[in-house]
Protein chains: 2
Amino acid sequence: MSALPLDPSEHRSGALLDHLARRMRLRAESVLAPLGLRPRHLVALTVLRAGGGTSQQALASTLEMDSTNIVGLLNDLEAKDLVERRRSPQDRRRHVVELTEDGAKRLKEAECALAGAEDEVFGALEPAERETLYELLRRAATTTPISCGEALIEEPDAC
Amino acid sequence: MSALPLDPSEHRSGALLDHLARRMRLRAESVLAPLGLRPRHLVALTVLRAGGGTSQQALASTLEMDSTNIVGLLNDLEAKDLVERRRSPQDRRRHVVELTEDGAKRLKEAECALAGAEDEVFGALEPAERETLYELLRRAATTTPISCGEALIEEPDAC
DNA sequence: ATAAATAGTTGGCGCTACACAGACGATCCT
DNA sequence: AGGATCGTCTGTGTAGCGCCAACTATTTAT
């Protein structure tokens, strides 16, 4: 298992990711509608659960969204008491955004409700494989991109 | 490997998938722009490469897009000679859509160009893990959802 | 042979997501 | 005091995309 002729040169996951995300999102939309949530809310809640209390601009950076649009997103979530905005004691300009208990519960409910949708999309994978997939995605998601200096150093562009 | 205490009950990949797909798409857009492509074109080309010659409505079903929008998508690709529409000899109403040589080449170029973007998004994963991820995504993507009767039979909704 | 169904195309309408820009209050840092 | 920063609000523009309707070419069913 050492000198595999592995040539991952063209094994780009981007398009597949896009494709599957779309499939999931389509299903998620209808499943989540009765819960008053949208896919994008789920993403925010998930990030919030993983990251704990973060400022809004940190959230904007993680979500890679414009901060002005984060406002509306959080307004939605706060109106439903799924999220709480508290002023930071250190810097009172900042809002520390945090998941409420209700938010965590609702997130869990939503995830539960999504089981069927995932069964459809990931039907080809066995439970253990899905778990592997989840783990890989989770790890990739919980690291801020570009943060390491890698991208700055090398840019070979030679495939 | 039987009675693992694995509890994947709340390990839903949907949100992570969405999140990472967004990150990739944002980067892909700028990387692909010089090639005259957009993320959605990449998805279509990828599906086409995997699936061989398919009718447009089959493509619409795979991509889970409205068939009227498939037309424009294919117009783009055909205008660039990346894709070919031929009438099916069996059923002359149908268009058999197929990747051209140029299309396959361009797709490969695009994938090559996306290497940097993936390095940013999947920086947390080692090459072998990325390969695993790719393989899981590929398998999940190359099976039509709902096609099996699974989803029709069971709908427990009890988590 | 005639009717009905199907594949693709075109055009238009409308909604949603989002980026972007401008202006504002509150607050921090010099 | 003055400038930078965080969050908020509002408005504008654009892109993706679903959906409806009409039309042609073709197949299939009666």
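Numbers restart at 1 for each chain; the letters A, B, ... are given by sequence-line order, proteins then strands.
No N or O donor and acceptor, one from the side chain of A:Arg92 and one from the base of C:dT27, sit under 3.5 Å apart. Evaluation of atom-type donor-acceptor distances gives a pair under 3.5 Å for the side chain of B:Asn69 against the base of D:dG18.
Among the nucleotides D:dT26, D:dT8, C:dT10, the one closest to the side chain of B:Val71 is C:dT10. Comparing D:dA4, D:dT27, C:dG8 by their closest approach to the side chain of B:His95 singles out C:dG8. Nearest to the side-chain atoms of B:Asn75 among the listed nucleotides C:dT9, C:dA19, C:dT10 stands C:dT10. When each of D:dC6, D:dT8, D:dG16 is scored by its nearest atom to the side-chain atoms of B:Arg40, the top-ranked nucleotide is D:dG16. Comparing C:dG8, D:dA15, D:dC17 by their closest approach to the side chain of B:Arg85 singles out C:dG8.
Across the interface with DNA chain C, nearest-nucleotide mapping of A:Arg87 and B:Arg87 shows B:Arg87 to be the residue nearer the 5′ end.
Residue-level contact check: B:Arg25 touches neither bases nor backbone, having no heavy atom under 4.0 Å from any strand. Looking at heavy-atom distances under 4.0 Å, A:Asp91 makes contact with sugar-phosphate atoms alone, never a base. Residue contacts shown for B:Thr68 include a base, since a base heavy atom lies under 4.0 Å away. Among the protein residues, A:Arg22 comes within range of the sugar-phosphate backbone only, with heavy atoms under 4.0 Å from sugar or phosphate atoms but none that close to a base.
Nucleotide D:dT8 holds its P atom 8 Å from the CD atom of A:Glu78, rounded to whole Å. Between the CG atom of A:Leu59 and the P atom of C:dC18 there is a distance of 13 Å, given to the nearest Å.
Residues A:Thr132 and B:Glu129 form no side-chain contact, since every pair of their non-hydrogen atoms from C-beta on lies 4.5 Å or further apart.
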Discussion item. Would A:Arg27 and A:Glu120 count as a salt bridge (Lys or Arg N to Asp or Glu O under 4.0 Å) here? Give the steps.
Written reply: CA-CA 9 Å; A:Arg27 286 160 180 73; A:Glu120 288 182 16; 2.6 Å; yes
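A salt bridge links B:Arg85 with B:Glu78: the distance from a Lys NZ or Arg NE/NH1/NH2 to an Asp or Glu carboxylate oxygen falls below 4.0 Å.
Counted by atom type alone, B:Thr100 and B:Asp102 present zero donor-acceptor pairs between their side chains at under 3.5 Å.
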